[in-house]
Amino acid sequence: MPQYDLGDLGWNAGLADNLEPGLVPGRVTAAHRAAFDVQTADDVVRTRLPGRLVHESVDVAVGDWVGLGDGLIRSVLPRRSAIVRNAAGRAVSLQTLAANVDVAFVVSSLGPDLEPRRIERYLVTIWESGAAPEIVLTKADRFDDPWEMVAEVEAVAIGVPVHVVSAITGHGCDALRVRIQPGTTAVLLGSSGVGKSTLVNRFVGHELMAVKETRADDDEGRHTTSHRELIALPGGGVVIDTPGLRELQLWDGGRLDETFSDVEELAGDCRFNDCSHTQEPDCAVLAAVDDGTLPAERFDSWRKLQKELRQIAIRHDHLLRKEEARKWKLIAKHGKARARIR
């Protein structure tokens, strides 16, 4: 008899329709260097990809639904969302932070670590992923009046829910927990030390995830969570805890229009449809910057991310051209070999 109801992790008829006959379904709950923990109906299985799928660079992430056969991952079921970034460092390499996520909580602590520009970058990534973003501002117990900082965040998170919480006093935590309904998968994203694991511990009712104190001088936490992990919550719902992100390099086209809807709305009032918002006459965006309606810092952030996304598109196009050239080179090589055999 199965010991675990996969429905608690979000298994449904649509996923079952995509499972190849003979394979055992499971959801990836943790990713290690070359192995994965997968929750099946019978047990948690430590498994890996077979050599063929490794060679094909099949991407597997925490939150993925997979099909197991002979103890190995034989297939990855279609995702409904994926939060991805360019892996840290100079190399061009996709890294999936979490898959099949419904709501992505961008977690930041109130205080010196609060950076609206970083929050904008997270929002661009999440809107592109297919998940719905929400902002969580932690450590509210340290301030008598945090609302000026909250307003600063609300000004850049247009139309996005903003939660103000304290895991110490419990302020706002119940309302946040309600956002993770049965069948819902949430992920916690943010820098180290902002309180992601502390929130998970509060949700589960005991210290499941190890936590450490932050440094008093700059509010930065010491690295605690070492890998991404999916946790089923009492009462239903699933949350994915993640290690602190030192940087979030964009990977794909992003969603500037959602994150910067105020700038996009202003751009619609420019005289020219192809206005670059640099020096054109009757540019509504520049006029808003001049009169203070649009903060200069936000306009600069929009332009910076826009430039970064253009560079990403160029880089991806270059990689696609290299891959296409390699493919045709192999086809030509095999064709010559067949000709010699004849």
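Bear in mind the structure is a predicted one, so any value in this text is a computation, not a measurement.
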ring-ring contact (aromatic ring centres under 6.0 Å, His included) contacts touching residues 152-175 (sequence neighbours left out):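 Applying ring-ring contact (aromatic ring centres under 6.0 Å, His included) to every pair that reaches into residues 152-175, excluding sequence neighbours, yields nothing.
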
Summary of ring-ring contact (aromatic ring centres under 6.0 Å, His included) pairs that have at least one residue in residues 53-80, sequence neighbours excluded: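 Qualifying pairs: Trp11-Trp65.
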
Run the numbers on Ile135 and Leu123 for side-chain contact (heavy atoms from CB on, under 4.5 Å), then give the verdict. CA-CA 9 Å; Ile135 310 297; Leu123 291 176; 4.0 Å; yes

Could you walk me through whether Arg271 and Glu280 pass the side-chain contact (heavy atoms from CB on, under 4.5 Å) test, one step at a time? CA-CA 8 Å; Arg271 179 197 291 187; Glu280 292 87 349; over 6 Å; no

With sequence neighbours left out, what residues match Glu154 under salt bridge (Lys or Arg N to Asp or Glu O under 4.0 Å)?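 Checked Glu154 against salt bridge (Lys or Arg N to Asp or Glu O under 4.0 Å); zero matches.
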
Heavy atoms, side chains only, cut-off 4.5 Å: are [X] and [Y] in contact?
X: Thr278; Y: Arg303; result: yes
X: Glu120; Y: Phe260; result: yes
X: Val62; Y: Glu229; result: no
X: Trp127; Y: Asp257; result: no
X: Phe272; Y: Asp282; result: no
X: Arg298; Y: Asp262; result: yes
X: Leu114; Y: Ile119; result: yes
X: Pro243; Y: Arg228; result: yes

Atom pair [atom1]/[atom2] of [X] and [Y] - distance to nearest 0.5 Å:
X: Leu23; Y: Ile73; atom1: CG; atom2: CD1; answer: 11.5 Å
X: Lys196; Y: Ser191; atom1: NZ; atom2: OG; answer: 7.0 Å
X: Leu53; Y: Arg48; atom1: CG; atom2: CZ; answer: 10.5 Å
X: Ser197; Y: Ile231; atom1: OG; atom2: CD1; answer: 7.5 Å
X: Trp147; Y: Leu137; atom1: CH2; atom2: CG; answer: 9.0 Å
X: Phe143; Y: Ser166; atom1: CZ; atom2: OG; answer: 11.0 Å

Quick check against the 3.5 Å criterion: does [X] have a side-chain atom that pairs as donor or acceptor with the backbone of [Y]?
X: Thr259; Y: Val124; result: yes
X: Arg79; Y: Ala99; result: no
X: Asp64; Y: Ala61; result: yes
X: Ser129; Y: Ile126; result: yes
X: Thr47; Y: Gly71; result: yes
X: Thr29; Y: Asp37; result: yes
X: Thr96; Y: Val84; result: no
X: Arg85; Y: Leu97; result: no
X: Arg177; Y: Ile180; result: yes
X: Thr138; Y: Val194; result: yes

Are [Y] and [X] connected into the same hydrophobic cluster when the rule is that any two of I, L, V, M, F, W, Y join if their side-chain heavy atoms are below 4.5 Å apart?
X: Leu256; Y: Ile158; answer: no
X: Val58; Y: Leu72; answer: no
X: Leu230; Y: Val44; answer: no
X: Val150; Y: Ile168; answer: no
X: Val60; Y: Val54; answer: yes

Ignoring hydrogens, what is the shortest heavy-atom contact between [X] and [Y]? Give both atom names and the distance.
X: Val76; Y: Asp59; result: CG2-O, 4.1 Å
X: Leu19; Y: Gly67; result: CD1-CA, 3.8 Å
X: Phe299; Y: Val285; result: CE1-CG1, 3.4 Å
X: Gly111; Y: Met149; result: N-SD, 3.6 Å
X: Leu189; Y: Ala104; result: CD1-CB, 4.5 Å
X: Leu110; Y: Pro146; result: CD1-CB, 3.8 Å

Taking it one step at a time, do Ser75 and Val66 satisfy side-chain contact (heavy atoms from CB on, under 4.5 Å)? CA-CA 6 Å; Ser75 67; Val66 298; 5.9 Å; no

Evaluate the side-chain contact (heavy atoms from CB on, under 4.5 Å) criterion for residues Ser108 and Glu115: first the C-alpha distance (whole Å), next the side-chain angles of each, then the deciding distance (0.1 Å), finally the verdict. CA-CA 8 Å; Ser108 183; Glu115 296 183 15; over 6 Å; no

For the residue pair [Y] / [X], report whether a side-chain donor-acceptor contact shorter than 3.5 Å exists.
X: Asp141; Y: Thr169; result: no
X: Asp102; Y: Thr184; result: no
X: Thr293; Y: Asp291; result: yes

Is the closest basic N to carboxylate O distance between Arg179 and Glu134 below 4.0 Å?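 Looking at Arg179 and Glu134, the cut-off is met.
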
Do NZ/NE/NH1/NH2 and the carboxylate oxygens of Glu308 and Lys304 come within less than 4.0 Å?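 A salt bridge is absent here (no side-chain N lies under 4.0 Å from a carboxylate O).
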
Are there more than 12 heavy atoms of other residues, nucleotides or ligands under 6.0 Å from atom [atom1] of [X]?
X: Asn273; atom1: CG; value: no
X: Asp70; atom1: CG; value: no
X: Glu56; atom1: CD; value: yes

Checking side-chain hydrogen bond (donor to acceptor under 3.5 Å, both in side chains) against Arg27, which of Thr185, Asp8, Asn100 comes through?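 Testing each of Thr185, Asp8, Asn100 against Arg27, the sole residue satisfying side-chain hydrogen bond (donor to acceptor under 3.5 Å, both in side chains) is Thr185.
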
